[in-house]
Every structure is written in C-alpha cells, then in structure tokens.
Amino acid sequence: MVTPRARALTPDPDRGHLLPDTRLPQPAPRRRVRRPADERAADRRPADSPAGREADRAAEREAALAERRAQQEWVEGAAPELPVRATPPQRVVFHLGPTNSGKTYESLQALAATGSGVYAAPLRQLAHEAYAKLAAQLPEGTVGLSTGEEEIDPSAPILCCTVEKAPMRGELLVLDESHWVADPERGHSWARLLLTGEYREMHLVSAAEAHPLLAPLVADAGSVDVVHHQRLSRLDVLRAPVRTPGVRPQTLVVAFSRKTVYAVAAELDRHRPGRVGVLYGALPPATRREVIERFTTGEVDVLVTTDVIGHGINVPATTVLFAETTKFDGVELRPLRSWEAAQIAGRAGRYGLTGHGTVGVLAGVPGLKPSTALVGLGAEVARGDRASDLPGRRPRLRPELEDLGAATPADLPEALVRWQAWARAATRDSAMTPDDVSGLVLRVQALLPMLRGPLGAAGDLHTVWRLVSLPVDYNPPRRTRWLVLARAALRHAVGLPVPQELLLPDVPVGGAVEDFEQSAAAARDAQTLLRQFPGVAGLEPDDAAWVEEECAEAISELLPDAIAVSRSSACVECGTAIAPWFTTCRPCSGPRGRGPGRDGDRDSGRDHGPGRRGPRPGSRQGRRPSRSGRG
C-alpha cells in the first residue's frame, strides 16, 4: 500500500537507475478559490427542478452561440473566394470545332511563332506528341517536356506538359481538350489554370459545346476571338458490319476493357498473325508510344485499343470499327455518349495522314453487339453535323492549403468540410462549383493515426498536405499503395529505415504481361513520390524510371505472344464461344458444372491477362543494378 510517506525515486548518477529519495515530498500549498455565485447556486438546485432545466437550456444556448462566434471568426479569416489573377490575359482565342479540323495545329503554330509559352494537354501521349512536332520544327533546346513521369529540358522557352504540370504564368498558353474542365476527377486543374493563370495570350482548344463552360472563366480578358473550325476530311459510315476476316490494314478496333481488347485482338490475329497490336491505359507510356509507332510505320496492320485513342492522338487510320459501344465508367455499365463516340470515330481519316475515313462496327466476336445507330450518331457529331451531348457540368474548384485556414493536420478534415459548405454558397451565382473533397478527407483521416507515434515529428501541416495531394490513385485496390508510399515518406523524414523493395519493386522474372504492367504502375507511383520527397529509401526518380523502362521493354517483347495465346472468349470448361468478360458458359456455370466463376469484372485494371511464361532469350528481366553501376 502506498502511504503519504512513500519515498520518491531519484536518479543515481553512478549506476544510471532510480534510487529511493530519503526526503519527504512537501505538500503543495492550498489556496481557497471562491467559485462564482451561479455555480454555487447550481449545486443547491435539484437536477430535475424547473430552475435546473432552464439553466441547462441556457448553458446549451450559450455553448451554441460560442460555437457560432468561433465559426464566424474562422470564416472571416478563411472565407472562400473565387481565385483571381493579378494580370488578366490581353487576348483569348477559342478554337472550336469537331475532330480533325486543325484546331490544335493552328494553336501550335501560334506557339511556335511566339517562341515562348506552354502547351498543356490531358494525356502524357498528347504532350509527347506536341513535343515531338515542335522539337522537329524549332532549334534544339527551344522545346521541353514535363509530364510528371518524364522531363526533358523543363526550363526550355516552350514547354509541352500535362495540365497538372503547367506553370501558372507565361507568354502564351495553348490548352488542348479544354472541355476536360468539366471532368469530375481532374477538371479542377483546368479550372485553376484558366482562373488564375497569368498569360499574355491564351488559345483554348475544344469542342464547340464546351464554349459556355469556358467563356466565364476568362471573362476578364482584354479581347476574345472565336475561331470556328470545320472538319478537313470526309467521314463516312459503313452500311454493313465488318466481320473479323474482312478487317483491312490501317484499322482501329475499339473495345472498353483490357480483357475485351485481348479477346478481340486474338480473333483478329487468327486472320493476320503477328500483325495486330493492342493499346490500353495500363500499358506504360513508353510501350504505348512504341505500339503507336509500329502502327504508324505499317509494322502493325490493325490496332485494338480502348478509348485512350480518342483523346486527340493522331494515327494514320482509314477506318475505325467499334467492337462494343458500352463501357463501364467506374459506376455503371452504360452506352457511350455521342460525344465519346465522336472523339473515337474522328480518329479515322486524319487530314495529312490518310484519305477520307470510314467508321462502322465489328461483327463476329462472341458476346459483343455494338450499336450501329450509336456509331452513326457519333459520326455525325465528329463531322460537325450535329451537337453532342457533352455533359453540362460546371467547372470545379478545389481548395489549396492556404484556402483552408487550418493550423494543424488534425484541423484538415473539418476545414475541408467547412470549405466545401461555404464554397457552395460563394459560388452559387457563379460559373463554378466546389469540388467534392470527400476523397481528400479520407486521405487525411488515414494519415492522422500514423502521426500519433514516432512518425508524428514528420507530420507538419505542409508535409501532410503534400502527401494528401499526391496524384496517386486512392480507389481500391490501389489505396494500400498510397498508404505504403505515405508511410515511407514519413519514416524517411524522421530518419527511420525504409526498405527499397517496399517503395520500388524489382523487375519481375518470368512474369506475364500483367505482372510487368503492375510493376510499371508501381514504379510510376514511386516516381511521383520521389519527385516530391527525393531520397526516400535511398532512391531517386531515375531509379523508378529505370524499372518502368525495363518493364515497358519486357511488355513489348511479350505482347505478340500474349495476343496469339489469348483465349478469354472461350469457355474454359467446354470451349464454347462466350463474351470476353466471362470465363465459363452458362451450362458449365450451373450447380453441377460450375467452372472457375463468372465475376463479370470488366474493369481494365483488374482482369487477368494471359498465363505466365518464362523470359525470352536476351530479355532484360531481373533485379535492377545499383545506382553506382548504371553509369
């Protein structure tokens, strides 16, 4: 039992441990504190008396009033306002028109003539394409490239980049595919650039339907010119479906999932062995460029692609065939909208690359029934004969850290929610609408528990916000990857070791195409982190770029065989032809003959590719060399 006379412990300087203190602790001096009269009266009131209940209600009212006062003080210091620029553009030029109408070409010519400025696009492939064109036209060192994953002379007078990497000021801005301002995921980057970008001149390239969304964002311009472009080549609709044996060279065949792409490619490869290529979002950028180059040079006759081809990528295709006209958009499986069909159909018959183009549907692939009527509607929009159904979403505004008024990381969830509520009121009568910040809130809430232990020393407000804002997918199943990267950055900041393999996986040995795709995606995520937090796990962005390059090379070697051996459109039990997203036919999936299952998963990033095979002779698969040994 501990008594009031228990001895305290003091450190022993010679032995380094605690010893009893022979001195008795002195009691703390007591002071008589007189409480307010209302508190003394409350002690004498029965809890359930009328006076007690009225006092409780008064206390609740006072607490609510105090909270409102606190919120008002917070609002006065951080009330949301629409972003403004100090120097508005002297001139804005809208280039409006359908696909293949020369909008981007004229804008790039204006940029080349100016000699200084920025070309910004939604896709790395588009930025790289513009870089290649301008670099071939202008003196060496005049044009640079910056896409987050790849940088070449980023301080050059003319910079080609993705929108998220675009500088906020310069001489001339060319913003391609400007209708992406309405995109629910990335539209805020377009909106911020248009509202706050300080450029002397802006050229906005988009479909005509996006003009009402874009015009209010540059209403402060000194002058505004609108240039309407007409399609430069014919685009005809095929009257009858084309069956797989009748697909001709210079044809793009469109499907909307990785598994369906491989199934269609396998069907076509039976008639053109080794002359069919595939293109989809999970391929590394270097592989995509190589596939496009092989199609451009005629090494590949037919290219089976997802809608990644529809975002302004130019290839010499005379025909576009839709193998399907429905897609899973992350929420539901739905028919294509007319503007989506038009973006894809417009790839046929590119001016200066081929003659006039044709568009139609592909028949003969089990389970796929594309709509001829929808394809015809898309062709009308692509020609400019009909207005599209481009969604009329208002541009989205996302907060920056300085907009939130947060003092600590723990303040961020409430600050984000408050910002969204107040921003709705602030933008009620404007052309903007606040972005959904729930994803940011979830990221902050996932980070806060990490900061309660040894990693708390690294969790200052700006570091947490940089981690929260990393452009790494947070949707399942990629959420775990973001958490791993964030924890690695925090551990590095406090001097704790981080295993290299945790941050950057080795190049697979003897894997299938999908294994290399996943490793390449992990390497791109690592590059994204290392550009913000260099030195984590002793790595630099170039280390992650090397892994991605090795994976891209392996994928390029494996793709022809992967297409040839694909059997995703046949039942694994009986061999009956079925839709590509199933593994067994209906009879074999019954209670008595249930096959491996029918998961129905059509997401391009989660379905399984062809089986594993060993590495090809001479392939560069294996562990990456040390940085000191790479030269």
Q) Does the side-chain contact (heavy atoms from CB on, under 4.5 Å) test come out yes or no for L412 and L461, once each step is laid out? A) CA-CA 9 Å; L412 284 173; L461 181 62; 3.9 Å; yes
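- Here V417 pairs with V441 under the side chain to side chain contact (heavy atoms under 4.5 Å, CB included) rule; sequence neighbours left out.
- Side-chain contact check for Y119 versus L175: every heavy-atom pair is 4.5 Å or farther apart.
- Between L195 and V84 the shortest side-chain heavy-atom distance does not fall below 4.5 Å.
- Remark: the backbone N or O of A522 is paired with a side-chain donor or acceptor of R481 at under 3.5 angstrom.
- Residue pairs meeting the salt bridge (Lys or Arg N to Asp or Glu O under 4.0 Å) criterion with at least one partner in residues 175-189, sequence neighbours excluded, are E164-R186.
- Rounding to the nearest 0.5 Å gives a distance of 4.5 Å between OG of S178 and CG of L204.
- From L145, atom CG reaches atom CD1 of I158 across 13.0 Å, with rounding to the nearest 0.5 Å.
- A pairwise comparison of heavy atoms in A562 and V513 identifies CB-CG2, 3.8 Å as the closest pair.
- No donor-acceptor pair under 3.5 Å is formed between the side chain of R124 and the backbone N or O of T147.
- Counting only distance, with no hydrogens or angles, the side chain of S519 and the backbone of F516 share no donor-acceptor pair below 3.5 Å.
- For the pair T463 (side chain) and G459 (backbone), a donor-acceptor distance under 3.5 Å is absent.
- With hydrogens and angles ignored, the 3.5 Å screen pairs no side-chain donor or acceptor of R288 with any backbone N or O of A282.
- Looking at heavy atoms from C-beta onward, V498 lies out of side-chain contact with R487 at the 4.5 angstrom threshold.
- Side-chain contact between R289 and I292 is absent, with no heavy atoms from C-beta onward closer than 4.5 Å.
- Contact of the D220 side chain with the P89 side chain is registered, since non-hydrogen atoms from C-beta on lie closer than 4.5 Å.
- Side-chain contact check for T528 and D525: no donor-acceptor pair (N or O, by modelled atom type) lies under 3.5 Å.
- For the pair V547 and L504, the minimum side-chain heavy-atom distance is below 4.5 Å.
- Side-chain atoms of I555 and L558, non-hydrogen and from C-beta on, never get closer than 4.5 Å to each other.
- Here the closest heavy-atom approach between residue Q532 and residue L470 is recorded as CG-CD2, 3.8 Å.
- The distance from the NE2 atom of H179 to the CH2 atom of W190 is 9.0 Å, given to the nearest 0.5 Å.
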* What's the verdict on side-chain contact (heavy atoms from CB on, under 4.5 Å) for V278 and V291, showing C-alpha distance, side-chain angles and the deciding distance? -> CA-CA 7 Å; V278 292; V291 169; 6.0 Å; no
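- Panel note: side chain R443, backbone V468; a donor-acceptor pair is recorded below 3.5 Å.
- The heavy-atom pair separating L447 from L490 by the smallest distance is CD2-CD1, 4.3 Å.
- Between K133 and E129 there is a salt bridge, with a side-chain nitrogen of the basic residue lying less than 4.0 Å from a carboxylate oxygen of the acidic one.
- Residue pairs meeting the salt bridge (Lys or Arg N to Asp or Glu O under 4.0 Å) criterion with at least one member in residues 166-175, sequence neighbours excluded: R169-E198, E171-R200.
- Taking CD of Q527 as the reference point, atom CG of L539 lies at 11.5 Å (rounded to 0.5 Å).
- A donor-acceptor pair is defined here as one N or O able to donate and one able to accept, closer than 3.5 Å; no such pair exists between the side chain of D153 and the backbone of S155.
- The structure places CG of L173 at 9.5 Å from CE of M168, a figure rounded to the nearest 0.5 Å.
- Closest of all the heavy-atom pairs between R85 and L217 is NH2-O, 3.3 Å.
- Contact between M202 and V218 at its shortest, heavy atoms only, is SD-CG1, 4.1 Å.
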### Message
Set out, in order, the CA-CA distance, both residues' side-chain angles and the distance that settles side-chain contact (heavy atoms from CB on, under 4.5 Å) for L172 and V174, then state yes or no.
### Response
CA-CA 7 Å; L172 187 148; V174 174; 3.5 Å; yes
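- With R398 contributing its side chain and D435 its backbone, the two residues share no donor-acceptor pair below 3.5 Å.
- Formation of a donor-acceptor pair under 3.5 Å by the S146 side chain with backbone atoms of K165 is not found in this model.
- The main-chain N or O of G187 is never found under 3.5 Å from a side-chain atom of R396 such that the two would form a donor-acceptor pair.
- For F256 and Y280, the ring centers sit 6.0 Å or farther from each other.
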Item to complete: Test side-chain contact (heavy atoms from CB on, under 4.5 Å) on L496 and L455 and set out the steps.
Response: CA-CA 9 Å; L496 294 176; L455 304 184; 3.9 Å; yes
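- The CG atom of L159 lies 13.0 Å from the OG1 atom of T142; values are rounded to the nearest 0.5 Å.
- Contact record, M432 with L397: CE-CB, 3.5 Å, taken as the closest heavy-atom pair.
- More than 12 heavy atoms of other residues, nucleotides or ligands lie within 6.0 Å of CD in E332, so this atom counts as buried by the packing criterion.
- Using a 4.5 Å heavy-atom cutoff, the side chains of C551 and E517 are not in contact.
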(message) Run the salt bridge (charged side-chain N to carboxylate O under 4.0 Å, His left out) test on R192 and D403 for me, step by step, so that the C-alpha distance in whole Å, both residues' side-chain angles and the decisive distance to 0.1 Å come before the verdict.
(response) CA-CA 13 Å; R192 180 72 62 167; D403 299 331; 3.7 Å; yes
